[in-house]
Amino acid sequence: MDVGRSPEINVLLTACTEILSSDKQHRLGQYITERTFSWDKLHTLALRHRIAPFLYRTLQQIPDVPEAFLAKLQSDCRMIATDNMLKLHEYDRLTNVLADQGIQHIGLKGIYLAKNSYPNSNLRSIGDFDLLIARNDLLKTIRLLEENQYQLGEAYKHYLRYKEQTILADLHEVSLFKPFFATSYFNIDLHWEIECFNKHYSTLHLEDVLSEPEFITENQLLLTIIHHGVINIWQHIGYINDLYFLLKDKAIDWTYLMQKLRYYGIETVFFVGLFWCRQMWSLSLPANVQEMVNKSRVSSLADAYEKNWETNESVLETSPGLKQIVFFANSQTELAKKLRIYRTYVSSFVFRASTLSIGKRLIYIPKELGFITVFTRAIRSVMAS
């Protein structure tokens, strides 16, 4: 186990396994006995990293683990299993509803991974339903979901007062929710484009995926790397599990995949994910890919990403945007690509649609006038200080 990591992180990484060998079981048991660490912190990090089911399954086989801790994990896993069962049932129902109306879509992230990639869907908790639809189907899909008791999120309602092209140009997703029990909701994030870093850098659309049905796994990998590695900077250990199970036992067209990754400038971000897949899961890779993963630059980047693992909360909750630009730029070797990242970050920050509250009125500011929002908020910040 890595001495540079906290004992809690080392236990979490070791727990991510399909079969706990007797040797690994002995070493983990000995490690837990010899180290002083916080069971409360371990529990918090297991939930934060979305790997409580793996931890529970592994620690059941380890002596000297407090019964109260196992009971707490068992309760978490039962909640995840129940939540997943309800969400998978609702997702299957929605898939049929959309298909009956001729609306093509693909599931992304948690809902896709739990249903299609993991050996047991209960190992992968499901959050929102992320659906990628065609741009031209946006309003039709919103109306259809509203007919099925879903409600558009308050932040998006004012956009419906404007032309559809305004919505499509200024946003890339809208959220809807449906209460189903007490304070529980089904949440849908409806995407018509996926931003790679930001809208000004590059975007992907449903037709980009459906036009190449023979590469559905490769394109799901591409979308996963964008979300997990670029946007969310590998901040959950569960993201590494996602990557592993997307790759495991799949006939990957590595030439096609690497070509796509290089086109979007995210191949090094992918290599970092593979670095951990090799460490945690002993994933076999083609020789030419393994050669790239073995480079010292990749391990150095992995060390930098790992520093975010020790925090109890998402690092992006306190510094949105800044972390992404630093890590994404550091993954590039060419100056032109670094400059493109900085340039598109600045332009996307300034020229973006937003709303301003003036008295009781909510004023919509189109992206072309986004500098007004930046200027107004800067003035308000100065006046408030």
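If you're wondering where the values come from, they're calculated on a predicted model, not measured in any experiment.
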Q. Is the shortest distance from a Lys or Arg side-chain nitrogen in Asp303 or Lys307 to a carboxylate oxygen in the other one below 4.0 Å?
A. no
Q) Any donor-acceptor pair under 3.5 Å linking the side chain of Asn84 with the backbone of Ser121? A) yes
Q | Over 12 foreign heavy atoms within 6.0 Å of NZ, Lys295 | A | no
(Q) Are Met85 and Leu123 connected into the same hydrophobic cluster when the rule is that any two of I, L, V, M, F, W, Y join if their side-chain heavy atoms are below 4.5 Å apart? (A) no
Q) What distance do Leu73 atom CG and Trp39 atom CH2 have between them, rounded to the nearest 0.5 Å? A) 9.0 Å
Q: Check the hydrophobic clustering (I, L, V, M, F, W, Y; side-chain heavy atoms under 4.5 Å; chains of links allowed) and say if Tyr156 and Trp192 are grouped together.
A: yes
Q: Evaluate the side-chain proximity of Leu45 to Ile51: yes if any heavy-atom separation is below 4.5 Å, no if none is.
A: no
(Q) Ile325 and side chain to side chain contact (heavy atoms under 4.5 Å, CB included): which single residue from Asn198, Ile341, Asn330 fits? (A) Ile341
Q. Under 4.5 Å between any side-chain heavy atoms of Pro7 and Asn10, yes or no?
A. no
Could you pull out all donor-acceptor pairs under 3.5 Å where a side-chain atom in residues 256-278 meets a protein atom, sequence neighbours excluded?
unit_1, atom_1, unit_2, atom_2, d
Tyr256, OH, Glu212, OE1, 2.3
Tyr256, OH, Asn219, ND2, 3.4
Thr268, OG1, Ser331, O, 3.3
Trp276, NE1, Glu306, OE2, 2.9
Arg278, NE, Gln290, OE1, 3.0
Arg278, NH1, Leu283, O, 2.7

Q) Looking at residues at least two apart in the chain, or sitting in another chain, which of them share a ring pair (Phe, Tyr, Trp, His ring centres under 6.0 Å) with Trp254? A) none
Q: Using a 4.5 Å cut-off on heavy atoms from C-beta on, say whether the side chain of Phe69 contacts that of Leu55.
A: yes
Q | Gln235 CD to Thr311 OG1 distance, which is reported to the nearest 0.5 Å | A | 7.0 Å
**Q.** Nearest atoms (heavy-atom pairs only) where Leu168 meets Lys199
**A.** O-NZ, 3.9 Å
Q: With sequence neighbours excluded, tell me which residues meet ring pair (Phe, Tyr, Trp, His ring centres under 6.0 Å) with His228.
A: Tyr239
**Q.** Arg135, CZ atom: more than 12 neighbouring heavy atoms under 6.0 Å
**A.** yes
**Q.** Partners meeting salt bridge (Lys or Arg N to Asp or Glu O under 4.0 Å) with Asp83 (sequence neighbours left out)
**A.** Lys87
Q | Which residues share a side-chain contact (heavy atoms from CB on, under 4.5 Å) with His26, sequence neighbours left out | A | Gln30
Q: Compute whether any side-chain donor of one residue and acceptor of the other, for Thr203 and Glu195, lie under 3.5 angstrom apart.
A: no
Q. Would you find a donor on one side and an acceptor on the other, under 3.5 Å apart, between the side chain of Lys338 and the backbone of Gln332?
A. yes
Q | Flag side-chain contact, heavy atom, 4.5 Å: Gln151 against Pro179 | A | yes
Q.
Is any side-chain heavy atom of Thr333 closer than 4.5 Å to one of Arg297?
A. yes
Q. Counting only heavy atoms not in Glu214, do more than 12 fall under 6.0 Å of its CD?
A. yes
Q: Would you mind checking if Arg143 and Glu146 are paired as a salt bridge, meaning a charged N to carboxylate O distance below 4.0 Å?
A: no
**Q.** Short side-chain to backbone donor-acceptor contact, Thr82 and Met79, under 3.5 Å
**A.** no
Q.
Between Glu193 and His172, is there a side-chain donor-acceptor contact under 3.5 Å, judged purely by atom types and distance?
A. no
Q.
Would you say the rings of Phe180 and Tyr185 are close, in the sense that their centroids are separated by under 6.0 Å?
A. no
**Q.** Side-chain heavy atoms of Leu145 within contact of Leu152, under 4.5 Å
**A.** no
Q | Asp92 atom CG, over 12 foreign heavy atoms within 6.0 Å | A | yes
Q) Backbone N or O of Asn122 within a donor-acceptor pair of the Asn120 side chain at under 3.5 Å? A) yes
Q.
If hydrophobic clusters are built from ILVMFWY residues whose side chains come within less than 4.5 Å, do Leu339 and Phe328 share one?
A. no
**Q.** is_close_aromatic(Tyr91, Phe186), centroid dist under 6.0 Å
**A.** no
Determine all donor-acceptor pairs shorter than 3.5 Å in which one atom belongs to a side chain in residues 56-63; sequence neighbours excluded.
unit_1, atom_1, unit_2, atom_2, d
Tyr56, OH, Gln60, OE1, 3.4
Tyr56, OH, Gln74, NE2, 3.1
Arg57, NH2, Thr17, O, 2.9
Thr58, OG1, Ala15, O, 2.9
Thr58, OG1, Phe54, O, 3.1
Gln60, NE2, Tyr56, O, 3.4
Gln61, NE2, Arg57, O, 3.4

Q | Glu34 atom CD, over 12 foreign heavy atoms within 6.0 Å | A | yes
Q | Modelled atom types, side-chain donor and acceptor of Arg50 and Asn241, under 3.5 Å | A | no
Q.
With a 4.5 Å cut-off on side-chain heavy atoms, are Ile126 and Ile80 touching?
A. no
Q: Would you kindly say whether Asp242 and Tyr118 are connected by a side-chain donor-acceptor distance under 3.5 Å?
A: yes
Q: Calculate, to the nearest 0.5 Å, the distance between atoms CG and CZ belonging to Leu12 and Arg48 respectively.
A: 10.5 Å
Q: Enter the distance from Leu171:CG to Leu190:CG here, rounded to the nearest 0.5 Å.
A: 11.5 Å
Q | Ser175: which of Ile188, Asp189, Asp128 passes side chain to side chain contact (heavy atoms under 4.5 Å, CB included) | A | Asp189
Q: Could you tell me which non-hydrogen atom of Thr33 sits nearest to which non-hydrogen atom of Gly29, and how far apart they are?
A: OG1-O, 2.9 Å
Q) Checking Gln324 side chain against Ile231 main chain: does a donor-acceptor pair fall under 3.5 Å? A) yes
**Q.** Side chain Lys178, main chain Gln149, donor-acceptor under 3.5 Å
**A.** no
Q. What distance do Ile19 atom CD1 and Lys24 atom NZ have between them, rounded to the nearest 0.5 Å?
A. 11.0 Å
Q: Answer yes if Ile225 and Met280 sit in the same cluster of Ile, Leu, Val, Met, Phe, Trp and Tyr residues linked by side chain heavy atoms under 4.5 Å apart, and no otherwise.
A: yes
Q | Side-chain (Trp309) to main-chain (Trp234) donor-acceptor, under 3.5 angstrom | A | yes
Q. Do the non-hydrogen side-chain atoms of Glu90 and Leu94 ever get within less than 4.5 Å of each other?
A. yes
(Q) Quick one: does any side-chain atom of Asp208 pair with a main-chain N or O of His205 as donor and acceptor, under 3.5 Å? (A) yes
Q) Has the side chain of Glu218 got a donor or acceptor atom that lies under 3.5 Å from a matching backbone atom of Asp253? A) yes
Q | Geometric cation-pi criterion Arg340 and Tyr201, 6.0 Å radius, 45° cone | A | yes
Q) Can you check whether Leu13's main-chain N or O pairs, donor with acceptor, with Gln279's side chain at less than 3.5 Å? A) no
Q: Inspect the surroundings of CD in Gln104 and state if more than 12 heavy atoms from other residues, nucleotides or ligands are less than 6.0 Å away.
A: no
Q. Among the clusters formed by ILVMFWY side chains lying less than 4.5 Å apart, do Leu47 and Phe37 turn up in the same one?
A. no
Q: Working to the nearest 0.5 Å, report the span between CG of Asp137 and CD1 of Ile142.
A: 11.0 Å
Q.
Please give me the minimum heavy-atom distance between Glu310 and Ser6, naming the atom from each residue.
A. OE1-OG, 2.8 Å
